[in-house]
Structures are given as C-alpha cells and as structure tokens.
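Since this is a predicted model, take the numbers as computed values, not measurements. Start at 1 and go down the list; that is how both ligands and their atoms are numbered.
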Amino acid sequence: MGARTLDFIQPELDELREKGLYKNIRTIESAQGAWVQIEGRKVLNFCSNNYLGFAAHQRICRAAKEAIDKYGVGPGAVRTIAGTMSIHQELERELAEFKGVEACLTVQSGFNANLCAIPSLVGRGDTIVSDELNHASIIDGARLSRATIRVYPHNDMEELEKILQEDLEGRVLIITDGVFSMDGDIALLPDIVALARKYGAMTYVDDAHGEGVLGRSGRGIVDHFGLHGQVDVEVGTFSKALGVMGGCIAGSKEVVEYIKQKARPFTFSSALTVPDTAATLEAVRILRESGDLVEKLWDNARIFQAGLKELGFDTGATQTPITPVMIGDARDAAQFSKRLFEEGIFATSIGFPLVPHGKARIRVMLSAAHSREDLDFALEVFAKVGRELNLI
Ligand SMILES: *Cc1c(COP(=O)(O)O)cnc(C)c1O
C-alpha cells in the first residue's frame, strides 16, 4: 500500500521528543532587553542577538513610529513593480556609506540575502567553495544555485588552497561566514582574499554576526581587516546587532546592480516593511554617531569571558562576544540550561545538529544592554550551577 496519508507525522514528532531534539520555544512576554519576562518571571537574557540593545531602543522605536505616520506600514508590492520607497533608498545609501562600499541592496532577511545573491552569481557548471561551518542559509542558497559545492574544513586555508588548485568548473565563488555563530571565531578573510586573487575566484562573506560588532563603530569584518574594495560581496542582516529585521547585499555598483536584476526573492517577494526600514536606518545613524555601545559590548564580553575562565569553564575558540560554554554531553547541557533558568538566567543549550555530537554547549550572547551587576549576578549563578553539576 502506498504511503499517501499524514500518518508519518506523529511518529516522527514522537521520535524528536525521545531524542531530546524537539524544539520547545519559550514565549517572551516583554520587549527584548537585558532582562525579559518569561512565564511571568523576569530572567536575565543571554540568548538574543540583540548585541547593542537596539531591539527596543527608544530612538529607534520613535523613528519607526514616525515613518509609519508618513509612509504607512506596507511596501505595496515587490519593489520592481510598486515597492521601492524613498526610505528604502535612503537606508541603502546610508548603509553603503557606513560600510564603505559603493552600493547596497536591502532585502527581507539575512536568510533571503543569501538566497538572492548566491544563485545570481553562480549556476549549473560553476563551483562554490564553502567553509564546513557556514550558516544554513548559505548552504540553501548554494543548493538553489545548482553549482557544484566543494566544502573545506573549518577555516583551513591549506585545504582551501588544495581545492582551488584543482581544475574547478566554471566561475568559482568562495563563501564564508564572517563570525561563526556557534563558536564565535572569525574567518581568516585576508588569507581567503589573497587565495581568491591567486586563483581567480570571487569572494563572498556573510557578516551577520560581525555587523555592529567588528570594525570601527561596528562597520563589520571588512573594516576589521582593512579589506575595503577587496571582497566582492558582503551579505548582512538587520536582525542581530541592528536589532530589527531585514538583510542586505553590499559591494560595487556593478555587482549590486547585477544581483538586483537577477535575484528571485527580490523580484518575487515584497520589500522590507516601512517600520523595519526606518528602524534599521536609525540604528545605522546611531552607529555612525558613536562607537560607545560597540565598546561597551566588547567590555562586557571581556569581563564575562575572563570571569568564566577564572571559574574553570572552557569557552572554546571564541574571539568575539559570542561565548560558548563547552559542556560536551547534550543531556548535561540541557540540565545546565534548566538549572540556570530556575536561578533566573535564560541561556539555551545547543546540541546536534547545530554543533557536532559530544560538543553540546550553552551559548551566552552578551549585549551592551547588560550592566556590570548583571554580569556579576550571572557569574555567581554559573559558579553555583557549575559546581552543583560537577562541571568545574
Ligand atoms: C543569523 C544569520 C542569518 C539569517 O539572518 P536573518 O536576518 O535572521 O534571516 C544569515 N547568515 C548568518 C551567517 C547568520 O548568522
């Protein structure tokens, strides 16, 4: 008998629950901030990518409200038909100036930015060379392109060069995350750029966790390494440090114009909403005025990571405010997260398939919104729970 019914669903859901892989999503009853309300309780928020506290920043909220009064909420349609508003162009112009690129295209999310840019640049008969730890949206964009995908071990420049030495098919595009989201380490972008030049490949960095974090006033990984004009495509998101929602594709005028002409999620899906656009624009303006919040974020990261190490925790390979607290077994990590929550800290455990088996961890996301008292409180709780579970 052919399997034509929905009978497969319940057993699969049961199996996910048995393996501890079922996603139970917490409901947040307050704005995103240093502290959030969950099930009526205030807990310290160590989960969000709200690096600079922009998700509920007063000035940014006000800018969104004023834009709604002027432009309404919706973009009307896809931009090629009806949707480009002057506020989209304003954001694209200011973002390009901020990042030090000629041009920038905004799209609906960082995920979509990869689905726009990768299949525009390469197709069947071309080759993508991709870091093994690249984000799921890069993997999906690469699959959608139908190019041949070659994967190199994480940040391994020797292996990358070996692949580039082969007789690769068609155009060659090297793609890397800027900051790797589960470990917090930084791509070796200067080496990648040098190898790309040597072997005639295009370069592409997804700087989702670098924007607002790395470089002068959060200008991102290209600024961090002083590589302006040397990376062909920079993809980014507005949903992390910028605190809002949306994505962007930045580079030379020629590259951005080409992607604008070809990208299907740009041509067939409506534009970023008015409040998202206005809020992101205000976030960029705040960063252009001052790097104080970025410095506060890094101070918090240094203080908290030093405190964890002093207690005897292993924070892995991080070079950024992303702070993995390595635990190992997925069940231990889940228990650690549960105990932290009982003690007033919201920090989710991360296991397979987000990280390899046996490398489960708590990922602490620090923010400029955290105060020194918040960090002291958290270190006390980590010490207590760590000792209780024999992890330190
Ligand atoms: C978070 C992330 C994305 C997705 O961004 P959204 O704007 O949330 O869709 C894409 N790429 C990388 C590397 C990310 O870390």
#### Entry: Pairs involving residues 115-166, ordered by first then second residue, that meet ring-ring contact (aromatic ring centres under 6.0 Å, His included) (sequence neighbours left out)
His154-Phe180
### N/O donor-acceptor pair under 3.5 Å between Asn300 side chain and His370 backbone
yes
### Among Val179, Asn49, Asp185, Val213, the one residue meeting side-chain contact (heavy atoms from CB on, under 4.5 Å) with Ile322
Val179
### Message
With a 3.5 Å distance limit and no angle check, can you tell me whether Arg361 reaches the backbone of Met182 through a side-chain donor-acceptor pair?
### Response
yes
### Fellow cluster residues of Leu105, listed by chain then number, with links counted only when side-chain atoms sit under 4.5 Å apart
Val107, Ile118, Leu121, Val122, Ile128, Ile138, Leu173, Ile175, Met202, Tyr204, Val233, Val235, Ile249, Val255, Val256, Tyr258, Ile259, Phe266
### Inter- and intrachain pairs under ring-ring contact (aromatic ring centres under 6.0 Å, His included), touching residues 321-353, at least two apart
Phe336-Phe382, Phe352-His357
Show me the short polar-atom pairs for ligand 1: any N or O of it lying under 3.5 Å from a protein N or O, with distances only.
unit_1, atom_1, unit_2, atom_2, d
ligand 1, 7 (O), Gly110, N, 2.7
ligand 1, 7 (O), Thr237, OG1, 2.6
ligand 1, 7 (O), Ser239, OG, 3.3
ligand 1, 8 (O), Ser239, OG, 3.1
ligand 1, 9 (O), Gly110, N, 3.3
ligand 1, 9 (O), Phe111, N, 2.9
ligand 1, 11 (N), His135, ND1, 3.4
ligand 1, 11 (N), Asp206, OD2, 2.6
ligand 1, 15 (O), Lys240, NZ, 2.6

